Novice: 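Before I ask anything, let me first share the structure, which is written out below as structure tokens.
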Amino acid sequence: MRNLRFAVFGTGFWANYQIAAWQELEGVELVALYNRTRSKAEAMGQKFGIERVYDNADDLLANEELDFIDIITDVDTHAVLVEKAAAKGIHVICQKPMAADFPTAQRMVAACQRAGVKFFIHENFRWQAPIRRLKEVLDSGVIGEAFKARLTFCTAFPVFDNQPFLAELDQLILTDLGSHLLDIGRFLFGEAQSLYCQTARINPAIKGEDVASVFLKMRNGVQCYVEISFASILEKEAFPQTLILVEGSEGSLHLTTDFILNITTRSGTRPVECKPKMYDWLNPDYAVVHSSIVDCNRDLLNGLRGGKSETTGEDNFETVRLVHACYESAGRNAVITL
Ligand code: 89V
């Protein structure tokens, strides 16, 4: 099977890990880089041995022979790059969140459908090793019928140091983290029927909200509470894992810190360690997050080769729908029926 040739658009903090994660996989070849600041593309090119770098997206698309592009730019440039690639008949992977608003996401999905190109969203959180393990155990039926869940990602880790653009977003926590956590809710329990959300801004130095609490009623009956925060000063001062508690008719699953999944039934609790695979390139603060990029990329590559991929644009559109329903709910202080 020949290698799939691709280009990366955006050479900021996240691209360091996404490119390294691609290099863990067979069957792909990174041939060119784009960044609107040429010197940044050149620096990344030197780091990974990529000679062809561009500061003009159209020139890259005109000059290079590509099977797909991987967009790792800020959210406000996603739509224009997706549409440019679709117009050239090139398949697209785009970093989450798909778009800053719902109509733009609709336009992106439609543009790829019209052009007949494959469109995927790079949504890596559902690929985290402990979350995959929790899903397996949940599906095994050991805790019976799930009826209630809590998904938590609350931290005071200085995310703005590595990703300064986050401080500039008018809508922050629900687009950045909500996209991930709401997607995990869909991954575990399917689609939501209704939701209610409240938001707050605690850090006065940023533009958007940094705290959100969402209560979802899932179509399968599960009551799912999602709490996300970049303002939580908690006793465990490390980059947090996503913590999950699922309660079922016969027991519970509790994913706690340090990658321990406690499986509890009436006969007791069995702790299972589910550590992520460590790579020498990952940033230890983000270990479980960065490690999941490899598994996410593997799934996307499968989709590009004509197999099934979990996070297609169409699928992720349902996550985008939830994110924007949360903003609507918080804005109107109302329950939104989906
Ligand atoms: O993965 C992400 O979306 C990052 C972080 C983990 C900091 O939220 O922005």
Side-chain angles (χ1 to χ4, degrees), residues 10-21 70-78 93-100 105 120-131 151-187 199 201-203 205-212 214 226-232 234 236-244 255 257 259 276 279 281-297 299-300 311 316 319-320 322-323 326:
T11 56
F13 174 70
W14 215 256
N16 284 295
Y17 309 102
Q18 207 137 303
I19 295 173
D70 190 5
I71 301 171
I72 322 175
T73 55
D74 296 353
V75 63
D76 57 337
T77 55
H78 287 178
I93 300 172
C94 178
Q95 186 61 236
K96 61 52 72 176
M98 189 189 307
F120 303 100
I121 297 299
H122 183 102
E123 173 49 74
N124 58 312
F125 265 44
R126 64 161 69 196
W127 288 99
Q128 290 175 15
I131 295 174
L151 316 183
T152 303
F153 193 112
C154 295
T155 181
F157 185 87
V159 288
F160 307 107
D161 292 355
N162 290 326
Q163 296 164 279
F165 70 94
L166 291 177
E168 299 303 320
L169 295 177
D170 290 325
Q171 295 184 322
L172 168 60
I173 196 99
L174 283 160
T175 53
D176 186 65
L177 263 187
S179 298
H180 287 314
L181 277 272
L182 293 166
D183 187 70
I184 292 171
R186 294 183 53 238
F187 171 60
T199 62
R201 181 165 61 91
I202 303 304
N203 179 349
I206 64 169
K207 266 196 179 165
E209 84 292 351
D210 50 2
V211 175
V214 188
V226 175
E227 48 172 355
I228 45 181
S229 162
F230 284 148
S232 299
L234 300 170
K236 179 110 181 143
E237 248 330 298
F239 194 84
Q241 280 187 72
T242 306
L243 307 180
I244 302 181
L255 186 54
T257 49
F259 315 117
Y279 298 94
W281 46 262
L282 54 72
N283 178 328
D285 285 338
Y286 296 71
V288 68
V289 177
H290 285 165
S291 178
S292 69
I293 298 174
V294 179
D295 299 304
C296 179
N297 283 354
D299 180 66
L300 297 172
T311 58
N316 191 263
T319 299
V320 179
L322 294 185
V323 169
C326 285

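Being a predicted model, the structure only gives us computed values, none of them experimental. Read the numbers this way: they start at 1 and go in the same order the structure lists the ligands and their atoms.
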Novice: Is any N or O atom of W14, backbone or side chain, closer than 3.5 Å to an N or O atom of ligand 1?
Specialist: no
Novice: Salt bridge or not between K96 and D176? Use side-chain N to carboxylate O under 4.0 Å.
Specialist: yes
Novice: Report yes if D176 has an N/O atom closer than 3.5 Å to an N/O atom of ligand 1; otherwise report no.
Specialist: yes
Novice: By number and element, which atoms of ligand 1 are closer than 4.0 Å to a non-hydrogen atom of L177?
Specialist: 8 (O)
Novice: Per the ring pair (Phe, Tyr, Trp, His ring centres under 6.0 Å) rule, which among Y17, F13, Y279 passes with Y286?
Specialist: F13
Novice: Taking R201 first and then D210, would you say they form a salt bridge - that is, a charged N and a carboxylate O separated by under 4.0 Å?
Specialist: no
Novice: Would you say F153 contacts ligand 1, with heavy atoms under 4.0 Å as the rule?
Specialist: no
Novice: Under 4.0 Å from a heavy atom of V159: give me the atoms of ligand 1 that qualify, with their elements.
Specialist: 7 (C)
Novice: At their closest point, which heavy atom of S179 faces which heavy atom of T319, and how far apart are they?
Specialist: O-CG2, 3.3 Å
Novice: Counting from 1, what ligand 1 atoms have a heavy atom of Q163 closer than 4.0 Å?
Specialist: 4 (C), 7 (C), 9 (O)
Novice: Quick one: are F125 and V289 in side-chain contact, heavy atoms under 4.5 Å?
Specialist: yes
Novice: Give the numbers and elements of all ligand 1 atoms closer than 4.0 Å to a heavy atom of K96.
Specialist: 2 (C), 3 (O)
